[in-house]
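Data block below; observations after.
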Amino acid sequence: MESVPCRMRAIRDVKHGDVQTWVTRESERGLAASTIRTRLNYVQMAFRAAVDNQVIARNPAVRVKTPRQRKREAKMRTLTADQVATALESAGEFRLFVAVCVFAGLRLGEAAGLQVGDIDFERSVIAVRRQVQGTSIPSTRVVPPKAGSEREVFVPAELIDMLRGVREWTPDTFVFRSVMGHLYNRNSAGEEWRRIRSAVGFDDEVTPHTFRHTFASNLIASGCDVVTVQRALGHSQPSITLNVYSHLWASEEDKTRAATATFMGEVLASADPVRTPI
């Protein structure tokens with residue numbers, strides 16, 4: 001791993017402080033805590049193997065402190081209706097791509113892999129059958145969705161109306177291509193989004209995945225249960241959906257208060273007309 005400063009030294013010469021310094025520097029240069037933890041895990045695995053093979057006596061990566069991860073609910077961003085409208089207005093030729101992500105909850109790669117035949121114009125359904133992976137034109141490839149992510153998403157008629165312009169294309173035609181005719185990959189789609197983000201003044205934490213979070217939060221706010229949200233997002237298990245979005249559902253305490261408040265309001269309203277004036 002190129003970013004490890006002690007990579008050119010003999011493994012027996014690496015000390016605990018060296019690994020800790022590397023982790024600290026990774027944090028200082030802006031890497032996410034989860035990314036640092038993943039990289040540290042690989043380093044620890046290498047040192048454990050060295051201990052097992054008696055190359056070194058002890059693992060210098062043990063008890064290395066890593067940055068604290070922010071809670072999901074603290075770092076998750078969603079957009080308001082006005083913010084989505086502003087993004088769509090500034091998106092230009094990328095507008096339909098953004099609309100599919102925010103109104104159907106598709107991942108960036110799933111939207112890039114959408115074909116005309118995946119759209120059921122009569123039933124207002126979008127089928128997720130493939131995704132585009134890669135970060136550049138040479139590395140771009142079309143593959144099946146993540147395990148358990150093949151699904152049908154029931155979408156608003158208004159989104160289908162936005163897509164009607166592609167209805168006459170052949171079923172295997174990809175809906176989205178760049179101005180140069182290439183499929184969108186993570187970098188090219190990200191470049192389009194950064195252009196939009198700069199135009200509307202969003203901060204760097206608003207990413208294309210924010211549209212998916214916005215889609216999910218609106219389902220939950222509208223009263224959809226966890227299984228409905230799970231299926232719409234293409235999560236393999238409801239537990240995955242809960243791990244990410246549990247903080248958006250009303251707690252039992254919230255439901256109890258809301259239900260009792262409604263009942264109490266009805267009681268007090270009916271009592272007022274018969275109250276004797278002083």
Side-chain angles (χ1 to χ4, degrees), residues 27 30-41 66-84 87 97-114 125-133 135 143-156 159 184-186 189-190 193-194 196-197 202-255 258:
S27 179
L31 285 187
S34 58
T35 301
I36 295 174
R37 288 171 184 267
T38 299
R39 294 186 177 187
L40 176 61
N41 185 52
T66 56
R68 294 181 60 184
Q69 288 184 268
R70 295 171 64 191
K71 292 183 178 179
R72 289 183 185 271
E73 55 266 35
K75 66 181 180 180
M76 181 181 295
R77 297 289 296 274
T78 59
L79 300 178
T80 65
D82 287 343
Q83 289 174 321
V84 172
F97 193 106
V98 172
V100 166
C101 290
V102 74
F103 298 129
L106 270 60
R107 300 175 177 91
L108 187 153
E110 293 171 343
L114 184 67
V125 171
I126 290 177
V128 178
R129 296 173 176 148
R130 71 195 65 76
Q131 63 175 327
V132 175
Q133 287 187 343
T135 58
V143 299
K146 294 175 65 175
S149 290
E150 287 191 1
R151 63 195 185 279
E152 289 189 337
V153 184
F154 304 100
V155 299
L159 179 58
Y184 280 106
N185 56 59
R186 185 165 297 279
W193 172 242
R194 286 188 290 275
I196 300 167
R197 186 171 63 193
F202 292 157
D203 61 59
D204 291 350
E205 291 190 1
V206 180
T207 70
H209 208 72
T210 302
F211 293 126
R212 184 167 160 86
H213 290 325
T214 301
F215 172 78
S217 69
N218 278 289
L219 293 184
I220 295 167
S222 298
C224 293
D225 60 70
V226 63
V227 174
T228 299
V229 178
Q230 171 219 339
R231 290 172 177 169
L233 293 174
H235 289 157
S236 58
Q237 299 290 335
S239 58
I240 297 174
T241 309
L242 286 172
N243 284 341
V244 179
Y245 298 109
S246 61
H247 64 286
L248 296 179
W249 268 284
S251 67
E252 293 302 318
E253 293 88 346
D254 295 331
K255 292 177 182 178

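- The two residues Phe97 and Leu108 come nearest to each other via the heavy atoms CZ-O, 3.6 Å.
- The two residues Ala147 and Ser236 come nearest to each other via the heavy atoms O-CB, 4.0 Å.
- Side-chain contact check for Val153 versus Phe215: some heavy-atom pair is nearer than 4.5 Å.
- In terms of heavy-atom proximity, Ala216 sits nearest to Leu233 at CB-CD1, 3.9 Å.
- For Cys224 against Trp249, the heavy-atom pair with the smallest separation is O-NE1, 3.1 Å.
- Using a 4.5 Å cut-off on side-chain heavy atoms (C-beta onward), Phe103 and Val155 make no contact.
- The minimum heavy-atom distance linking Leu159 with Ala104 is given by the pair CD2-CB, 4.2 Å.
- Proximity of His235 to Tyr245: side-chain heavy atoms (C-beta onward) are separated by under 4.5 Å at one or more points.
- Between Arg212 atom CZ and Arg107 atom CZ the span is 4.0 Å, to the nearest 0.5 Å.
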Practice task
Verify side-chain contact (heavy atoms from CB on, under 4.5 Å) between Val206 and Trp193, making sure each step is shown before the conclusion.
Solution key: CA-CA 9 Å; Val206 180; Trp193 172 242; 3.6 Å; yes
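- Every residue two or more places apart in sequence or in another chain that forms a salt bridge (charged side-chain N to carboxylate O under 4.0 Å, His left out) with Asp204 is listed here: Arg197.
- Contact annotation: the side chain of Val128 never approaches that of Ser149 to less than 4.5 Å [non-hydrogen atoms, C-beta and beyond].
- A 4.5 Å side-chain heavy-atom check between Asp203 and Arg77 finds at least one atom pair inside the cut-off.
- In this structure, the side chains of Thr228 and Leu219 stay at 4.5 Å or more apart for every pair of heavy atoms.
- Asn41 pairs by the side chain to side chain donor-acceptor pair (under 3.5 Å) definition with nothing, not counting sequence neighbours.
- Annotation: side chain of Met76 is in contact with side chain of Val244 (closest heavy-atom distance under 4.5 Å).
- Taking 4.5 Å as the limit, every side-chain heavy atom of Tyr184 sits out of range of all side-chain heavy atoms of Val132.
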